[in-house]
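Following: one structure in structure tokens, then a few remarks.
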Amino acid sequence: MTTRWLTSGEQRAWRAYIAATHLLEDTLDRQLQQDAGMPHLYYSILANLSETPEHALRMTDLAESLKITRSRLTYAVTRLEKDGLIRRENCRWDKRGSIAALTDEGMAVLERTAPGHVETVRASLFDHLTEEQVVQLEEICTGITRALEGETTRPAADEVPWRRRSTPPCS
């Protein structure tokens, strides 16, 4: 099998993408640590829960929405639960599952933190793009996401983060 090396243009685009995503994530983490004492992932968990009708989601669905492993989500939710921002509930329709629910305190933290977060996102990303580039960015990211999630076929259990296990299942 012959390696399909990146062209010089692809290499430049790849490195620019890596640099931008790392710097953006670092910028968002620093702002959220300063304003709310939490990393971007924790804020994203609160934001996702706030957008649901009952401010609650099954843990597996929340992991899928965030594109992270269940074990990473469990660790984060445990911390947020300890801080009183989320409570965990048993899933009424699936005895094996659990629900993450946003508390009133969690909603208050989110409401306090959101304006600064939005301003940081705008200043770090959207203020540097034209309207056409924003549309292109959405199209590019959506296309990559669909391809990686296996839009036309159901991905195998270990192909997407929220279905991965941190340790192999028992035989």
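Within the model, atoms NE2 of His40 and CG of Leu32 stand 6.0 Å from one another, a figure rounded to the nearest 0.5 Å. The structure places CG of Asp29 at 10.0 Å from CG of Leu24, a figure rounded to the nearest 0.5 Å. Distance check, rounded to the nearest 0.5 Å: CD of Glu105 to CG of Leu80 gives 11.0 Å. Ile45 CD1 to Leu102 CG: the interatomic distance, rounded to the nearest 0.5 Å, is 11.0 Å. How far NE2 of His117 is from OG of Ser44: 6.0 Å, rounded to the nearest 0.5 Å. With rounding to the nearest 0.5 Å, the separation of OG1 in Thr74 from CZ in Arg72 is 12.0 Å.
Of the N and O atoms on the side chains of Ser65 and Asn48, at least one donor lies less than 3.5 Å from an acceptor on the other residue. A side-chain donor-acceptor contact under 3.5 Å links Asp35 and Gln31. For the residue pair Gln34 and Arg30, no side-chain donor N or O sits within less than 3.5 Å of a side-chain acceptor on the partner.
Under the 4.5 Å side-chain criterion, counting only non-hydrogen atoms from C-beta, Thr60 is in contact with Arg70. You'll find the side chain of Thr7 stays beyond 4.5 Å of the side chain of Gln11, heavy atoms only. Side chains of Thr27 and Thr120 form a contact here, defined as non-hydrogen atoms less than 4.5 Å apart. The side-chain heavy atoms of Ser98 and Glu89, taken from C-beta on, include no pair separated by under 4.5 Å.
Annotation for Asp127: atom CG counts as buried by contact number, over 12 foreign heavy atoms lying within 6.0 Å. By the neighbour-count criterion of 12 heavy atoms within 6.0 Å, atom CZ of Arg88 is densely surrounded, having more than that number from other residues, nucleotides or ligands.
Leu28 and Leu129 fall within the same hydrophobic cluster, where Ile, Leu, Val, Met, Phe, Trp and Tyr residues are linked whenever their side-chain heavy atoms come under 4.5 Å apart, directly or through other members. Placement of Met38 and Tyr75 within a single hydrophobic cluster is found when ILVMFWY residues are connected by side-chain heavy-atom separations under 4.5 Å, directly or transitively. Tyr17 and Leu137 fall into different hydrophobic clusters, where Ile, Leu, Val, Met, Phe, Trp and Tyr residues are linked whenever their side-chain heavy atoms come under 4.5 Å apart, directly or through other members. With hydrophobic clusters built from ILVMFWY side chains whose heavy atoms lie under 4.5 angstrom apart, Ile140 shares a cluster with Leu148. Using a 4.5 Å cut-off between side-chain heavy atoms of Ile, Leu, Val, Met, Phe, Trp and Tyr, with links allowed through other members, Leu110 and Val121 fall into different hydrophobic clusters.
Ala56 and Ile99 make their closest contact through CB-CG2, 3.7 Å (heavy atoms, listed as atom of the first residue, atom of the second, distance).
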Note to self: Before you tell me yes or no, could you show the steps for Arg58 and Leu62 under side-chain contact (heavy atoms from CB on, under 4.5 Å), namely the whole-Å CA-CA distance, both residues' side-chain angles and the distance that decides it to 0.1 Å?
What the structure shows: CA-CA 6 Å; Arg58 190 165 182 253; Leu62 185 54; over 6 Å; no
Next item on the list: Give the intermediate values and the outcome of salt bridge (Lys or Arg N to Asp or Glu O under 4.0 Å) for residues Glu10 and Arg12.
Entry: CA-CA 5 Å; Glu10 290 169 336; Arg12 286 191 307 275; over 6 Å; no
